[in-house]
Amino acid sequence: MTATVASHRKPRQHPLAALTGGGPRSARTARTAATLALAGAATAAATGFEGTAQAAHRPTPAQVKDRVDALYQEAEVATQNYNGAKESADTAREELSRLQDEAARRTRKLNAARTELGTLAASQYRSGGVDPAVRLLLSADPQRYLDGAAVLERTGSHQATAVAGYARRLGSVRQVRQRAEETVERLADTEAKLKKHRVTVVHKLGAAEELLHRLTAEQRQRMAARDGARSGPGQGRTGHGAGRGDGPLDGIPGGAGGVAAAQAPSPRAARAVAFAYSALGKPYVWGATGPSAYDCSGLTQAAWKAGGVALPRTTYTQISSGPRVNRSQLSPGDLVFFYSGISHVGLYVGNGQMIHAPHPGAPVRIAPIDQMPFAAATRPA
């Protein structure tokens, strides 16, 4: 009886088997499922902690601003390199155009001389022979003449002068074409540098923009407001009427038409300052030289152009455009440079202030010169 009862006793089910329908295999499956569930829970917990850690290390608006400022400064370095390469490329293009024109002009003269020699050869043929030097020059490869110039020395004919003239023209055309080929190579190299610097600028500005987008609209507004406050009164004024004696501007009565102009060391400097005031409020665009937008060296170049002085394009070259000036002896119109790499420039307007084109999103404005690391100052001649 006992055996009968035992044979009909229902086997005890593994606690995990109930989850999967029973059976040894089901128990193994259940154990696997439980293991995976526990692992998933651990992973979720770790992810939660990691997310909390990331949230705890999310940069503050102040840290974002510091990094954005650094990216803008790095972009400005690349912008000045771009400006220098572009200036070199423009110069190379102008030189290439001139050389091409010169080569065409000299080639026309060479063809005229060749025609003259052909007429001379025809005349000699009719009279019984052609001077060997003339035959050589009229051959399919006249350059051979330059390699065998002794032919000209051996000829005593009255055609020697014409032959020598043709040889000179042939040599000059060859020289001009060689210079043109070298210029083409230099232009190609410069354009490659242009592309490299352009990519760097775009990358830096894009990184700065991405950081700014991590901030809320309110945080970005507060950041812009702090920048504006540091720039001083008048920074947001546009060029319409600015600097035309229409009221005080950043502590300088009458703007560039008043005290600042009177203190400028020369009429040219006064006109440069007046131009800078007229540009207030215009946007910063890297590589721009006006009239609707500027980068930092583009603004100072345009301002001094209005004063009748041609400045070079970049901060690196503008710093050598005149004698150096001590910070304590600055006068309106002086160029003030910043950072150890001389990557930023502004136009001094008096009272410790400058007008400059800061960076994307910040228009041409007035700012204190101690806003950035001061490097040097120059008074354009």
Side-chain angles (χ1 to χ4, degrees), residues 70-110 143 146-147 169-209 283-305 309-322 335 337-345 356-357 359-360 375-376 378 380:
L71 285 167
Y72 280 150
Q73 202 271 322
E74 292 167 8
E76 194 147 46
V77 171
T79 296
Q80 294 305 314
N81 290 332
Y82 171 88
N83 291 339
K86 186 175 184 303
E87 187 175 43
S88 297
D90 291 342
T91 300
R93 289 190 191 95
E94 292 175 2
E95 182 180 357
L96 179 59
S97 177
R98 180 186 62 78
L99 288 171
Q100 288 172 335
D101 290 343
E102 184 177 355
R105 178 176 56 81
R106 295 191 181 191
T107 299
R108 287 194 296 270
K109 291 185 176 180
L110 178 66
Q143 185 58 44
L146 298 179
D147 301 327
R169 289 188 175 91
L170 184 61
S172 69
V173 168
R174 184 185 185 187
Q175 291 173 359
V176 171
R177 288 177 178 172
Q178 177 64 30
R179 292 203 304 271
E181 290 174 1
E182 292 170 355
T183 303
V184 167
E185 293 176 0
R186 188 171 75 249
L187 179 58
D189 179 64
T190 304
E191 287 179 336
K193 292 178 181 177
L194 263 179
K195 182 178 180 180
K196 175 185 175 182
H197 296 317
R198 184 187 297 112
V199 168
T200 301
V201 172
V202 171
H203 172 74
K204 299 292 184 182
L205 295 182
E209 189 71 17
Y284 175 101
V285 174
W286 70 272
T289 57
S292 58
Y294 299 93
D295 63 17
C296 69
S297 56
L299 174 64
T300 51
Q301 183 186 51
W304 270 99
K305 182 179 180 180
V309 176
L311 293 183
R313 178 63 181 93
T314 69
T315 54
Y316 314 129
T317 49
Q318 287 184 7
I319 197 171
S320 301
S321 60
L335 301 179
F337 299 89
F338 303 91
Y339 300 103
S340 59
I342 315 296
S343 59
H344 190 77
V345 63
H356 72 141
H359 55 72
T378 294

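When reading the values below, keep in mind they use all heavy atoms of this one structure, side chains included, and skip hydrogens, waters and symmetry mates.
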Testing the 3.5 Å rule here: is there a donor-acceptor pair between the side chains of R313 and T289? no

By salt bridge (charged side-chain N to carboxylate O under 4.0 Å, His left out) - contacts of [X] (at least two apart):
{"X": "R198", "value": "none"}
{"X": "D189", "value": "K193"}
{"X": "E94", "value": "none"}

[atom1]-[atom2] distance between [X] and [Y], expressed to the nearest 0.5 angstrom:
{"X": "R174", "Y": "Q178", "atom1": "CZ", "atom2": "CD", "value": "8.0 Å"}
{"X": "F337", "Y": "S343", "atom1": "CZ", "atom2": "OG", "value": "11.0 Å"}
{"X": "H197", "Y": "T79", "atom1": "NE2", "atom2": "OG1", "value": "10.5 Å"}
{"X": "E102", "Y": "S97", "atom1": "CD", "atom2": "OG", "value": "11.5 Å"}

Here's a test for you: under side-chain hydrogen bond (donor to acceptor under 3.5 Å, both in side chains), which of Q73, E76, H359, Q80 qualifies with H344? E76

Determine the sole option in T317, T314, D295 for which the side-chain hydrogen bond (donor to acceptor under 3.5 Å, both in side chains) test with N83 is passed. D295

Step by step, would you call V184 with L96 a side-chain contact (heavy atoms from CB on, under 4.5 Å)? CA-CA 7 Å; V184 167; L96 179 59; 3.7 Å; yes

Between E95 and L187, is there a side-chain heavy-atom distance shorter than 4.5 Å?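 No, their side chains stay 4.5 Å or more apart.
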
Do L311 and L335 come within less than 4.5 Å of each other through their side chains, counting heavy atoms only? yes

Which atoms form the tightest heavy-atom contact between [X] and [Y], and what is the distance?
{"X": "I342", "Y": "A375", "answer": "CD1-CB, 3.6 Å"}
{"X": "S297", "Y": "Q318", "answer": "O-NE2, 3.1 Å"}
{"X": "L99", "Y": "V176", "answer": "O-CG1, 3.4 Å"}
{"X": "V201", "Y": "A78", "answer": "CG2-CB, 3.5 Å"}
{"X": "T183", "Y": "A92", "answer": "CG2-O, 3.4 Å"}
{"X": "A75", "Y": "K204", "answer": "CB-CB, 3.7 Å"}

One pair to check against side-chain hydrogen bond (donor to acceptor under 3.5 Å, both in side chains): S88 and R186. What are the steps and the verdict? CA-CA 9 Å; S88 297; R186 188 171 75 249; over 6 Å; no

Check the pair K86 / D90 against salt bridge (Lys or Arg N to Asp or Glu O under 4.0 Å), numbers first and verdict last. CA-CA 6 Å; K86 186 175 184 303; D90 291 342; 3.3 Å; yes

Where do T200 and N81 land on the side-chain contact (heavy atoms from CB on, under 4.5 Å) test, with the steps shown first? CA-CA 10 Å; T200 301; N81 290 332; over 6 Å; no

So, using ring-ring contact (aromatic ring centres under 6.0 Å, His included) as the criterion, who are the partners of Y82 when residues are at least two apart?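 Here the qualifying residues are W286.
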
For Y339 and V77: C-alpha separation, side-chain torsions, deciding distance, then whether side-chain contact (heavy atoms from CB on, under 4.5 Å) applies. CA-CA 10 Å; Y339 300 103; V77 171; over 6 Å; no

If the condition is side-chain contact (heavy atoms from CB on, under 4.5 Å), which residues does P360 pass it with, not counting sequence neighbours? Y72, L205, Y284

Not counting sequence neighbours, which residues clear side-chain contact (heavy atoms from CB on, under 4.5 Å) with V285? List them please. A288, A293

